[in-house]
Amino acid sequence: MSYNTNKNLGNRMDLPEIENRCKSYWARENVYHYDDTRSREETFIIDTPPPTVSGSLHIGHIFSYTQTDVIARYQRMSGKTVFYPIGWDDNGLPTERRVQNYYNITCNPSLPYDANFKPEHNEKDKSPRKEVSRKNFIEACEMLTSSDEGIFENVFKNIGHSYDWNIKYMTISPKSIRVSQESFIDLYEKGEVKSIESPTMWDVTFQSAVAQAEVEDREVQGHFHDIKFKIEGSDENIIIATTRPEFLPACIAIVAHPDDERYQKYFGKKAIVPLFETAVDIVPSEHAEKDKGTGIMMVCTFGDAADVAWWKQSGLPLKQIVGLNGCLLDVTFGEGAFTSNNPDQANHYYRQLVGLSTKQAREKIVEFLRATNALQCEPRPLTHAVKFYEKGNLPLEFVSSRQWFIKLQDKKEQMIEYGRKIKWKPQHMQHRYEEWVKGLNQDWCISRQRFFGVPFPVWYKLDANGNPDYNSPIVADRSQLPVDPMIDVPNGYTEANRGKPNGFIGDCDVMDTWATSALTPQIAMDAAKSAKVSLPFDVRPQAHDIIRTWAFYTIAKALMHSHTIPWKEVLVSGFILDPDRKKMSKSKGNVVTPQHLIDTYGADSIRYWAARARLGVDTAFEEQIMAQGKKLVNKIFNASKFVFNIVENSKLKGVTAYKAHITAPMDLSWQYKMSQMVKQATEAFSTYDYATALETIEKRFWDFCDNYLEIVKKRAYSEEDSSAVASLMQTIDTFLSVFAPFCPFITEEVYQVRPWSTEEKSLHNTSWPKVDSFAGIIAQDSVLYDTASEITAEIRKAKTAANVSQRVPVAKVDISAPEGVISILRQGLVDIENVGSIQPNALVLRPSTELSISNILLDLSAIPQKTA
RNA sequence: GGGUGUAUAGCUCAGUUGGUUAGAGCGCUACGUUCACAUCGUAGAGGUCACAAGUUCGAGACUUGUUACACCCACCA
């Protein structure tokens, strides 16, 4: 079916109609289909970022995704088949959080499945969250993500992104889970993944371990507490400054710097922890700094990351007092590691802390300290940086638990080496990557104690007492994948063995969402089902905030799985900033949503706005650029309509092989400029510099409308001249092609209804113009056109200065120019006289060393009557 | 404290390897426009290229330092 049976541009541009017509035509004709019969050399492969569907789609996404689409469209026109998948990142904590809020539910894995439960959204529902089973919760997640994905898909289609929608994936789909679990098994077999019990950064709200990359520092208000510790066997006190006095019960040592003279005398002695009467060693350690706090500090398990590091090398027993929910555990002094010189007193105080949050416990302990005169002075306020999970509201705790880790610390050098094999655009983004790799100090914790994610394909044997054996897990066979170990059963067992002595249990954790996102190339390859789609891909577009996560983890996985870089180039887009130059984000409440902008300005105008910005450059949101885009789109429409009209009234009506008619020197001179434009735009695109390409094209286009079109207008309308008409046809065709990656809608519309169109084919499946194709229709240079433009400008200036209409005739004008230029000018004199309304014989050419236009005399008697 | 980037007209941004009088769009001012387009056109005003020193015949661009802003990392008693 053809694009538009009317074959008519119409008088006014109707953008919504044009956009709808294009969208259905492109879908109908499968215009953006990936052709797997083409060779790898003829294929351009993009590792599209799957957007997080739980977030809101804002104009910043449209910005960066459109930049990629412009590149994809150029590559397609330049002769490659483009593998351009789209996926949704829908698994993980962000989705769970959204689902919890949206349906007012929370997951309790111990509950049985309720087949009748239907999640419902009710904004007014302020009741406590309803607890639902794991399966019900996952179903609710699937329900909401699928509707969110529909909304995203529509916006992306509305903005004209040329994904092949046949290769769409979801990170939570069974296929992705299979790829992700295969990755896990491969790394397990290679010994790159390990499960260990270790203190881990722990979010108490979501009750899950988190990885280094998900942690951010926040400045918070806190207090210094100066606490008196007695020296055992003496009347002396030392003053320990701490922001976390609630960790007094977990104190394992007191440390000061070995060189600190103030405390030398105490090394080897013991200090008595107030309230709990625990005797702890005072030891020298480089870990302490002389000029921080009082220079002497307590080590607890665990107040911060430094405590963890110190404890690991100390060999001292663990005193875990904070539980997984962030509340103080029930421990008894006088038992195990919790030694005390006075267990009764210690327990008297500690009993009052059990079950309190760390914050509540802190306040309580301060009361006790104050009452027992153990505070040197009242707490002193300070602001300090504290680690938070990036999506959490409470500080992280360090809690010892069993987690899966992927070994990364032993690969830092290789990671840097691989990073250098990849081209980064802009180049400086590679520094960010390297700095991150250099600063890496933990392996990658990939297990999350959550529900909506990729399960570990792992079970554990239970011994005769029902205790799991974590040291030799049962890993699923590849043929079983995807598996959910909470539902599926390992080979050699039956469901009846689940949870029974000598039976098995499934690993109930899910993987970090990045463990799956880092496999987008592998997931896309799986979806492609074609050997042509292979590593390394051509480009990975992404934003700079996730270099340390997405880019880093993807490089890590490609390295471990196949010893290759995942892509040849990373194209890093900038952010859209609000007018205060702050990053646009939902949490800041400064988000601009795209759909109303698309409705207001049209998709092509939004795309124009996005394509104006260079890669990696953060840009302030400026709606006027979209208005500028709309003017351009309108101009493309009107200039085309005008040329169509000329063609319809010319001898070339119905002629498709128009090129041979371009013979007039002025037209050849203009086509030279067009060929230069194509050359420059092509060069810019070859380094993915779409913005420079657009700038070049747009500049020439306005030049065309303002000058060339005016210069040839009269000649094009004349009966005997075909050159001008043919040149206009050639010009329109060229502009449609070069604007196509930027403004796919208006260009397709114009292309399809050209009176000289021949084939039923989308513009977007045609070829990008080649400089060679201008052979035979260009002059050696553009001197004639440039000089004519200059003369035209001078005459316009004179008329403006005289406050008269541009249509006022010129009675006399002297043009001095070098001999060579004069002879060239004579070839286009008619056009110059036409555009300037210069009377016959009024233009006088004189030889000179340089061009000058002077003595412009206007025939004021011929001023057109002004209408009242 | 470390790293990276940015600083050019009222605003948003270009400015290639150093080279005449530093550009565009918007905004502002003036004028014009029946003949594709008022979603138009022509022109004008508007700049100590953040600051300082240096290299050079010549610096918006190169070097060094300073300041401001942004992002990333670290510290976080």
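Numbers restart at 1 for each chain; the letters A, B, ... are given by sequence-line order, proteins then strands.
For the pair A:Lys387 and A:Asp304, the salt-bridge criterion is not met [side-chain N within less than 4.0 Å of a carboxylate O]. A salt bridge links A:Arg420 with A:Glu434: the distance from a Lys NZ or Arg NE/NH1/NH2 to an Asp or Glu carboxylate oxygen falls below 4.0 Å. A salt bridge links A:Glu695 with A:Arg614; the closest basic N to acidic carboxylate O contact falls under 4.0 Å.
Minimum atom distance to the side chain of A:Asn803 is reached by B:rC31, of the listed B:rC31, B:rU39, B:rA36. Comparing B:rC71, B:rA43, B:rA36 by their nearest atom to the side chain of A:Ala793 picks out B:rA43. In this structure, the nucleotide among B:rU42, B:rC75, B:rG15 sitting nearest to the side chain of A:Arg614 is B:rG15. Distance from the side chain of A:His428 is smallest to B:rU4 among B:rG44, B:rU4, B:rC37.
Summarising the geometry, the separation between CG on A:Asp706 and P on B:rA36 is reported as 15 Å, rounded to the nearest angstrom. Between A:Arg432 atom CZ and B:rA70 atom P the separation is 14 Å, expressed in whole Å. Rounded to an integer number of Å, the gap from CG of A:Asp217 to P of B:rC71 is 14 Å. Straight-line distance from the CD atom of A:Glu434 to the P atom of B:rG5: 13 Å, rounded to whole Å. In this entry the distance linking CZ of A:Phe621 with C1' of B:rU12 reads 12 Å, nearest Å. Rounded to whole angstrom, the span from the OH atom of A:Tyr708 across to the C1' atom of B:rC37 amounts to 19 Å. In this structure, A:Leu709 atom CG and B:rC40 atom C1' are separated by 13 Å, rounded to whole Å. We find that CG of A:Asp604 is positioned 19 Å from P of B:rU39, with the value rounded to whole Å.
With A:Phe388 as the aromatic partner, A:Arg218 meets the cation-pi criteria of under 6.0 angstrom to the ring centre and within 45 degrees of the ring axis. Seen from the ring of A:Tyr717, A:Arg715 does not count as a face-on cation partner, given the 6.0 Å and 45° thresholds.
For the C1' atoms, the distance from B:rU8 to B:rC49 is 4 Å, rounded to whole Å. When the P atom is compared between B:rG41 and B:rG25, the two are found 10 Å apart, to the nearest whole Å. Comparing the P positions of B:rA45 and B:rA50 gives an interatomic distance of 23 Å, to the nearest angstrom. When the P atom is used for both B:rA9 and B:rG47, the distance is 10 Å, rounded to whole Å. Taking atom P in both B:rG60 and B:rU55, the straight-line distance is 16 Å, to the nearest Å. B:rA70 and B:rG65 have their P atoms separated by 23 Å, given to the nearest Å. Remark: the separation of the C1' atoms in B:rC62 and B:rU56 is 10 Å, to the nearest Å. Taking atom P on both B:rU6 and B:rA14, the two are 10 Å apart, rounded to the nearest angstrom.
Judged as a salt bridge (charged side-chain N to carboxylate O under 4.0 Å, His left out), and not counting sequence neighbours, the contacts of A:Glu17 are A:Arg21.
Within 4.0 Å of A:Glu710, counting heavy atoms only, lies at least one base atom of the nucleic acid. Contact annotation for A:Lys387: base contact, defined as any heavy-atom pair under 4.0 Å involving a base atom. Residue contacts shown for A:Trp702 are limited to sugar-phosphate atoms, with no base heavy atom under 4.0 Å away. Note on A:Ala691: nothing from the nucleic acid sits closer than 4.0 angstrom, heavy atoms only. Counting any heavy atom pair closer than 4.0 Å across all strands shown, A:Lys635 reaches a base atom. Looking at heavy-atom distances under 4.0 Å, A:Lys630 makes contact with a base. The residue A:Ala639 sits close to a base: some heavy atom pair falls under 4.0 Å. Contacts of A:Arg12 with the nucleic acid, taken as non-hydrogen atoms under 4.0 Å apart, include base atoms. Residue contacts shown for A:Asn645 are absent, as no nucleic acid heavy atom lies under 4.0 Å away. A:Thr692 comes within 4.0 angstrom of no nucleic acid atom, judged by non-hydrogen atoms across all strands. Residue contacts shown for A:Glu289 include a base, since a base heavy atom lies under 4.0 Å away.
Looking at which nucleotide of RNA chain B each of A:Glu435 and A:Asn707 is closest to, the 5′-most match is held by A:Glu435. The residue among A:Val386 and A:Lys797 whose nearest nucleotide of RNA chain B lies closer to the 5′ end is A:Lys797.
A donor and an acceptor atom, one from each side chain of A:Ser285 and A:Trp310, are located under 3.5 Å apart.
Contact between the side-chain N/O atoms of A:Arg807 and the OP1/OP2 oxygens of B:rC35 is not found at any separation under 4.0 Å. Side-chain nitrogen and oxygen atoms of A:Lys713 include none within less than 4.0 Å of the OP1 or OP2 phosphate oxygen of B:rC37. Put simply, A:Tyr717 has a side-chain N or O that comes within less than 4.0 Å of OP1 or OP2 on B:rA36. A close approach under 4.0 Å does not occur between any side-chain nitrogen or oxygen of A:Lys714 and OP1 or OP2 of B:rC35.
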- Before giving the answer on side-chain hydrogen bond (donor to acceptor under 3.5 Å, both in side chains), spell out for A:His544 and A:Arg432 the whole-Å C-alpha distance, their side-chain angles and the decisive distance to 0.1 Å. CA-CA 9 Å; A:His544 52 70; A:Arg432 292 202 182 188; 3.2 Å; yes

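Sparse packing is recorded around CD of A:Glu261, with 12 or fewer heavy atoms of other residues, nucleotides or ligands lying under 6.0 Å away. Heavy-atom contacts from other residues, nucleotides or ligands closer than 6.0 Å to NZ of A:Lys423 number 12 or fewer. A 6.0 Å sphere centred on CD of A:Gln313 holds more than 12 heavy atoms belonging to other residues, nucleotides or ligands.
Relative ring orientation between A:Trp436 and A:Phe552 is described as perpendicular, the plane-to-plane angle rising above 60° on a 0-90° scale split at 30° and 60°.
Counting distance only, with no hydrogens placed and no angle test, the side-chain atoms of A:Asp618 and the base atoms of B:rC71 include no donor-acceptor pair under 3.5 Å.
For the strand RNA chain B, secondary-structure stems (runs of at least three Watson-Crick or G-U pairs, all distances below 3.5 Å) span B:1-7 with B:67-73, B:10-13 with B:23-26, B:28-32 with B:40-44, B:50-54 with B:62-66.
No close placement of the A:Trp609 and A:Tyr601 rings is indicated, their centers lying 6.0 Å or farther apart.
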Just the atom pairs and distances: protein N or O near nucleotides 21-25 of chain B's N or O, under 3.5 Å.
{"from": "B:rG25", "atom 1": "O2'", "to": "A:Gln628", "atom 2": "OE1", "distance (Å)": "2.6"}
{"from": "B:rG25", "atom 1": "O2'", "to": "A:Gln628", "atom 2": "NE2", "distance (Å)": "3.3"}

